[in-house]
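Each chain gets a letter, A, B and so on, in the order its sequence line appears, and its residues count up from 1. This structure is a prediction, so every number in the text was calculated from the model and none was measured.
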Amino acid sequence: MKIASFNVNSVKARLPNVLAWLGEAKPDVCLLQETKTEDHGFPRLEFEDLGYNLALHGQKTYNGVAILSKQPLDDVVRSLPGDANDTEARYIEAFTGGIRVASVYVPNGQAVGSDKFRYKLGFLARLKTHAASLVGLEEPVAIGGDFNVAPDDADVHDPAAWRDQVLCHPEERAAFRRISHLGFTDALAALAPGGHAYTWWDYRAGAWPKDHGLRIDHILLSPKAADRLKSAGVDRKARGQEKASDHAPVWCELAES
DNA sequence: ATGGTCGCGCTGCGA
């Protein structure tokens, strides 16, 4: 079973790229982030034509997450518990093909010390609480998405330049570790030790041709899922296409149960 | 080079 995660930066603007990549990579499950459209405007038919069922949680202009699966999607959850005032579309979860999967778009945080940074830390704390309730389930669990955190200096092209900046600040790295330390395996880190498995390159300043990337997209596997981990990777080629997202897709392959 | 480029949706915001 192949599970992928892809921050597409607008599913409408990226439709040809995403469809072409799905046709090549053929994931069984794909977690999308930054779809940037309300559910009624989501290009459903194009994905259904490739054999995917859809679960959507979108909003206008910003954010938006989705799950594509070749298997039926059951028990869909469309918000992260813990803050009734949080209306941003950043979380969706479902049970499909014998595994519970979640697509998460963690807030960027904008700048350390800002209100948005505090919102990010609060979101990560809520995600930890919810992940703790998932890790103890009988079913395997995969939480994938754009975490907007580079866990380690090895995940950053220039750690000195990024030190204490948003995406790399010790407080958000600690918040990420509190989640993984619940018992999750970072699939990319487990199979690409030593880093340089970047997943995001800024559109600006020629970051992509210079490979000035960060590893901020992750797939976290519960113990029952991690026991089945066979391989994982980043599809860098997608980042080099015309009209590419600023993120590359990440994926992992699990052995059949 | 303290800049740069996207997407959304029509002005500047978010990333």
Checklist outcome for this item: Separation of dA15(B) atom P from W162(A) atom CH2, nearest Å, is 14 Å

Checklist entry - Do we get K70(A) above Y52(A)'s six-membered ring, with its NZ or CZ under 6.0 Å from the centre and within 45° of the axis? => result yes

Next on the checklist: Taking the C1' atom in each of dA1(B) and dT5(B), what is the distance between them to the nearest angstrom?
Outcome noted: 15 Å

Checklist entry - Taking the side chain of Y105(A) as heavy atoms from C-beta outward, which of dA15(B), dG14(B), dC8(B) is closest to it? => result dA15(B)

Checklist entry - Given atom CD of Q110(A) and atom P of dG12(B), what is their separation to the nearest angstrom? => result 17 Å

Checklist entry - C1' atom, dA15(B) versus dG3(B): distance in rounded Å? => result 16 Å

Checklist entry - What integer number of Å spans the C1' atoms of dC10(B) and dG14(B)? => result 16 Å

Next on the checklist: Taking only the P atom of each, what is the distance from dG12(B) to dT2(B) in whole angstrom?
Outcome noted: 25 Å

Checklist entry - R239(A) near the nucleic acid: base, sugar-phosphate alone, or nothing, with a heavy-atom cut-off under 4.0 Å? => result nothing

Next on the checklist: At 4.0 Å (heavy atoms only), tell me whether K243(A) reaches a base, stays on the sugar-phosphate, or touches nothing.
Outcome noted: sugar-phosphate

Checklist entry - Would you call R44(A)-D39(A) a salt bridge at under 4.0 Å N-O? => result no

Item to check | Side-chain heavy atoms of L214(A) within contact of D155(A), under 4.5 Å | outcome: no

